[in-house]
Amino acid sequence: MAAEKMGMEEGLLVVSGTMGNLVSLLAHCNRGDEAIVGNLSHIFLYEAGGMSALGGIHSHQVPNQLDGTILLEDIESAIHKEDNVHLAPTRLICLENTHNRCYGAPLTPKYTQTVEGLAKKYGLKFHIDGARIFNAAVALRCDVRKLVKGANSVTFCLSKGLSAPIGSIICGSAEFIHRARRMRKLVGGGMRQAGIIAAAGIVALEEMIDRLAEDHENAKRLAEGISRIPELLIDVKRVKTNILYFDLAPDASIKPSDFLKGLNEKGVKILMVGARRFRAVTHYGIDSEDIEATLNAIREILAEAS
Ligand SMILES: *Cc1c(COP(=O)(O)O)cnc(C)c1O
């Protein structure tokens with residue numbers, strides 16, 4: 001079902017998005033190969049260095065732009081084009097859609113296709129970390145197939161916005177999935193209990209995709225509310241899906257850690273991701289009233305501190 005939705009030959013169920021990316025990279029690359037990744041990508045920053053620790057795969061990090069893309073010229077210049085004894089052979093290019101650290105930015109089909117063209121030109125594999133790819137499809141109002149067209153593999157999460165309690169999927173060609181299945185076994189991800197997880201995954205795929213638009217509206221509503229609070233700084237324009245980041249202004253009357261503590265005490269759970277920076281994510285079960293309650297909680301905390 002997942003493969004058909006992606007327009008790919010086969011799919012493979014794994015426990016987590018991290019396992020999906022790891023298994024994909026292990027199936028694409030040999031030890032000593034190089035994979036091009038964004039310097040703000042989840043694969044590079046938040047997956048315990050699994051590609052190198054377990055796969056012996058060397059990461060070549062190139063800068064992510066604010067919109068989650070990587071400049072084509074940066075990718076092209078990172079590719080090792082000749083057989084030079086000093087260089088690790090480039091094997092793979094990875095993109096992330098939507099881009100977690102870049103405000104949940106969706107990458108467009110047009111951009112993705114130009115990267116695919118580059119991969120083709122140099123005979124490289126192309127993997128998309130699409131943990132939230134359905135958020136991108138909904139935000140851009142396009143069929144998800146267009147966002148993964150030409151990619152050799154994509155991973156996406158049944159959990160997160162799609163709301164399943166657990167599970168991620170890898171999709172790709174039959175030949176690729178055959179190799180990925182062995183790698184999944186190798187990392188301990190082959191499960192006798194897969195049907196229980198898959199059952200929830202079917203509900204996620206059938207019922208939870210279209211409603212992601214609500215999460216995006218709620219994120220926008222929260223961002224606009226935050227933008228009206230003088231002690232908080234946010235770039236509302238960048239909020240296109242269900243993730244937003246904001247900063248506590250340097251002259252705010254409260255310490256960032258106390259601000260977080262105050263929110264937690266009022267039942268609002270957000271992540272602190274920098275000295276003064278916070279991340280909020282909207283999802284199933286958070287409705288517009290919760291957004292108002294969150295904004296009220298923020299205003300109360302700041303009023304009490306001033
Ligand atoms: C969450 C996430 C993952 C990893 O998923 P887990 O299920 O938490 O392991 C990978 N990539 C991106 C972009 C993510 O946001």
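All residue numbers refer to positions in the sequence shown, counting from 1. Counting convention: from 1, in listed order, for ligands and their atoms alike. What you see below is based on every heavy atom in this structure, not just the backbone, and it leaves out hydrogens, waters and symmetry mates.
Side-chain atoms of Arg276 come within 3.5 Å of backbone atoms of Leu248 as a donor-acceptor pair (strictly under, hydrogens ignored). Between the side chain of Thr90 and the main chain of His80, a donor-acceptor pair closer than 3.5 Å is present.
Any N or O atom pair closer than 3.5 Å counts here, and Glu96 shares no such pair with ligand 1. In terms of N/O distances under 3.5 Å, ligand 1 is approached by Thr18. For ligand 1, the polar-atom distance check against Met19 finds no nitrogen or oxygen pair separated by under 3.5 Å. Polar contact with ligand 1: absent for Ser159 (N/O pair, distance under 3.5 Å). By the 3.5 Å distance cut-off applied to N or O atoms, Arg132 is counted among the residues near ligand 1.
A 4.5 Å side-chain heavy-atom check between Ser173 and Glu10 finds every atom pair outside the cut-off. Side chains of Phe156 and Phe134 form a contact here, defined as non-hydrogen atoms less than 4.5 Å apart. Between Thr112 and Lys149 the shortest side-chain heavy-atom distance does not fall below 4.5 Å.
Per-residue contacts place Asn100 under 4.0 angstrom from the following atoms of ligand 1 (heavy atoms of the residue considered): 15 (O). Listed by number with element, the atoms of ligand 1 under 4.0 angstrom from any heavy atom of Ser16 are 7 (O), 9 (O). Less than 4.0 angstrom separates some heavy atom of Gly17 from each of these atoms of ligand 1: 4 (C), 5 (O), 6 (P), 7 (O), 9 (O).
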List the steps, then state whether salt bridge (Lys or Arg N to Asp or Glu O under 4.0 Å) holds for Glu300 with Lys266. CA-CA 10 Å; Glu300 280 169 28; Lys266 290 180 190 290; 2.9 Å; yes
From CA spacing to verdict: salt bridge (Lys or Arg N to Asp or Glu O under 4.0 Å), Lys121, Glu76: CA-CA 10 Å; Lys121 180 175 170 191; Glu76 192 155 18; 3.1 Å; yes
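Looking at atom 10 (C) of ligand 1, its nearest protein heavy atom turns out to be His42 ND1, 3.2 Å. Of the protein's heavy atoms, Asp129 OD2, 2.6 Å lies nearest to atom 11 (N) of ligand 1.
When heavy-atom distances to ligand 1 are checked against a 4.0 Å cut-off, Lys160 comes that close only through its side chain, counted from C-beta outward. Heavy atoms of Ala131 found under 4.0 angstrom from ligand 1 belong exclusively to the side chain. Contacts of Asn21 with ligand 1, taken as heavy-atom pairs under 4.0 Å, involve the side chain alone.
Under the 6.0 Å distance and 45° angle rule, Lys81 counts as a cation-pi partner of Tyr122.
Considering Thr282, Leu162, Asn242, Thr241 as possible partners of Leu212, the one that fulfils the side-chain contact (heavy atoms from CB on, under 4.5 Å) test is Leu162.
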